[in-house]
Protein chains: 2
Amino acid sequence: MTTPAANLSYRDIKRIVLERIKNRTWLPDSLLPNETDLAAEFSSTRTTVNRALRELAEEGYLERKRKTGTRVLNAPVRHARIAISLTRDEITATGAAYRYYLISSKRQSGPEWLAARLNLKQSPDVLHLKCMHYADNKPFQFEDRWIVIDSVPGVLDADFSEIGPNEWLVQAVPFTNVELTFQATRATPYVTEFLNAEQDEPLFTAERVTWLQGRPVTFARMHFHPGYRMVTQY
Amino acid sequence: MTTPAANLSYRDIKRIVLERIKNRTWLPDSLLPNETDLAAEFSSTRTTVNRALRELAEEGYLERKRKTGTRVLNAPVRHARIAISLTRDEITATGAAYRYYLISSKRQSGPEWLAARLNLKQSPDVLHLKCMHYADNKPFQFEDRWIVIDSVPGVLDADFSEIGPNEWLVQAVPFTNVELTFQATRATPYVTEFLNAEQDEPLFTAERVTWLQGRPVTFARMHFHPGYRMVTQY
DNA sequence: TAGTGGTCTAGACCACCCG
DNA sequence: GGGTGGTCTAGACCACTAT
């Protein structure tokens with residue numbers, strides 16, 4: 001391994017390291033030279049090498065541990081990034097007009113499945129909302145929203161006839177942890193009507209559980225219109 | 001805004017900046033002080049402030065541009081990270097045994113929809129594979145795979161009866177760009193049989209198009225077993 | 001042209017963690 | 001205990017871009 005030309009940027013170093021991994025110059029599960037040695041080889045500094053390796057680890061190619069060193073992962077774990085935006089923004093980004101409609105709002109005791117989903121032993125007191133989001137007056141998403149009243153002070157005073165629960169929540173309560181689930185579900189008769197779907201038609205469905213330091217804040221199930229596709233690149 | 005205690009790490013600075021955004025000390029669409037001034041306020045250096053702001057931008061809270069400065073985004077775009085691993089690894093990670101089965105393999109001219117999907121004007125010469133992935137002998141995923149022969153030298157010599165096309169491809173050809181799509185589809189009679197699904201049952205379906213510097217490499221459609229959920233956190 | 005963020009250098013101290 | 005990565009400092013030059 002001869003010394004390459006100097007003045008390598010951290011991007012250059014990332015590229016070279018990735019090449020050597022794909023080359024199998026550095027085999028899976030093997031250790032890379034330490035940062036000081038690599039800096040010497042690249043006529044660079046530890047800071048620059050550090051940034052290159054840190055980002056490659058972040059991208060799933062390397063594993064880094066103090067004392068042990070930097071190891072090539074045998075099955076690089078790539079990650080796709082999915083942008084989580086407000087439904088309003090997702091719709092207006094396509095150039096369509098956004099419309100929101102509140103179907104119903106009811107204070108109630110949460111059902112058992114909800115307590116289980118929120119890791120609660122007792123059924124929480126919740127505000128249960130159903131609403132629709134439209135793009136150019138075509139059904140876009142049906143939202144089934146449950147908000148834990150104890151966790152969200154002021155929620156009973158909010159007016160959800162004009163603003164969607166998600167938009168209200170993001171500016172009203174902080175959160176620390178979110179679990180997102182995607183699945184295919186069968187359209188129920190109730191939802192069918194709002195989404196203009198056929199009976200039993202497959203729907204792309206997302207569920208989101210939001211926590212604030214271990215306390216559950218809200219659970220939402222969102223059914224997208226038939227034919228919806230979630231697209232991402234990496 | 002008085003000067004806080006010194007010795008703030010970039011993590012501390014991230015936390016403080018985030019607080020001020022949620023506080024509305026710094027309003028959406030407004031500009032933050034420049035890095036030099038922030039470094040002075042935090043009794044830190046530009047390097048440290050830079051890392052904090054860079055990561056917050058990466059996480060979707062800020063937008064940074066030279067000359068203009070650093071701006072608070074009005075609708076922070078959060079991102080969920082979805083780990084993309086080999087089906088084998090996804091299965092063995094749950095403790096289940098992995099089994100792979102090649103249903104069919106055929107060299108053919110790609111259909112029109114495939115050419116369109118790959119941005120090609122002419123139908124490419126492709127290798128078309130169908131295969132199954134099992135977890136503990138239960139159907140896990142049906143894979144419909146199309147490989148552009150011109151883009152993948154040696155693919156005709158590969159033996160896909162033992163190794164899945166994705167596993168073979170990741171170690172045989174590099175790629176630069178991947179487009180991933182998720183949707184809900186209706187189980188076709190053909191797939192129904194392999195996935196042990198009911199007729200018309202909703203299936204969670206992923207499609208992946210892979211490119212190497214503008215040249216299409218492969219297209220895959222993967223139907224997951226009924227009830228499959230893709231889970232992620234952020 | 002001028003101001004901002006992007007990046008690199010050279011050096012230092014420290015936290016973690018394996019043996 | 002000792003080696004590794006994690007991070008900070010202080011300073012510098014540069015690339016981009018709004019005006």
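Proteins get letters first, then strands, A, B, ... in listed order; numbering begins at 1 in each. The basis for the numbers below is simple: all heavy atoms, side chains too, and nothing from hydrogens, waters or symmetry mates. Keep in mind that this is a model prediction, so the values were computed, not measured.
Checked against the 6.0 Å centroid threshold, Phe219(B) and Trp113(B) count as a close aromatic pair. For Tyr228(A) and Phe204(A), the gap between ring centers is short of 6.0 Å. If you look at His225(A) and Phe140(A), their ring centroids are closer than 6.0 Å.
Between the C1' atom of dT9(C) and the CZ atom of Arg46(A) lies a distance of 13 Å, rounded to the nearest Å. Rounded to an integer number of Å, the gap from Asp12(B) CG to dC8(D) C1' is 12 Å. Protein atom CD1 of Ile13(B) is 14 Å distant from nucleotide atom P of dG5(C), rounded to whole Å. One atom, CG of Asn50(A), and another, C1' of dC14(C), lie 14 Å apart when rounded to the nearest Å. Taking atom CZ on Phe42(A) and atom C1' on dC8(C), their separation rounds to 16 Å, with Å as the unit. What separates CZ of Arg51(B) from P of dT7(C) is a distance of 14 Å, to the nearest Å.
Against DNA chain C, the stretch residues 28-39 of chain A makes no heavy-atom approach under 4.0 Å. Of the residues in residues 53-79 of chain A, those lying under 4.0 Å from DNA chain C by heavy-atom distance are Arg66(A), Lys67(A), Thr68(A).
Between Glu55(B) and Lys14(B), at least one side-chain nitrogen of the basic residue sits less than 4.0 Å from a carboxylate oxygen of the acidic one, meeting the salt-bridge criterion. With salt bridges taken as basic N to acidic carboxylate O contacts below 4.0 Å, none links Glu58(A) and Arg51(A). Here Glu167(B) pairs with Arg88(B) in a salt bridge; the nearest charged N to carboxylate O distance falls below 4.0 Å.
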**Asked** Which is it for Tyr61(B) and Trp26(B) under the ring pair (Phe, Tyr, Trp, His ring centres under 6.0 Å) test, yes or no, and what are the steps along the way?
**Response** CA-CA 12 Å; Tyr61(B) 293 103; Trp26(B) 289 327; over 10 Å; no
**Request:** For Arg81(B) and Glu59(B), run salt bridge (charged side-chain N to carboxylate O under 4.0 Å, His left out): C-alpha distance rounded to whole Å, both residues' side-chain angles, the deciding distance at 0.1 Å, then the answer.
**Result:** CA-CA 11 Å; Arg81(B) 293 180 87 203; Glu59(B) 290 164 25; over 6 Å; no
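Of the side-chain N and O atoms in Ser9(B), one or more sit less than 4.0 angstrom from OP1 or OP2 of dC8(D). Between Tyr10(B) and the phosphate of dC8(D), there is no side-chain N or O to OP1/OP2 separation shorter than 4.0 Å. Dashed line: the shortest gap from a side-chain N or O of Thr47(A) to OP1 or OP2 of dT7(D) is not under 4.0 Å.
Candidate nucleotides dT7(C), dT7(D), dT9(C) were compared by shortest atom distance to the side chain of Thr45(A), and dT9(C) ranks first.
Not a single donor-acceptor pair under 3.5 Å links the side chain of Ser44(A) to the backbone N or O of Ala39(A).
Arg11(A) contributes no side-chain N or O that forms a donor-acceptor pair with the base of dG6(C) under 3.5 Å.
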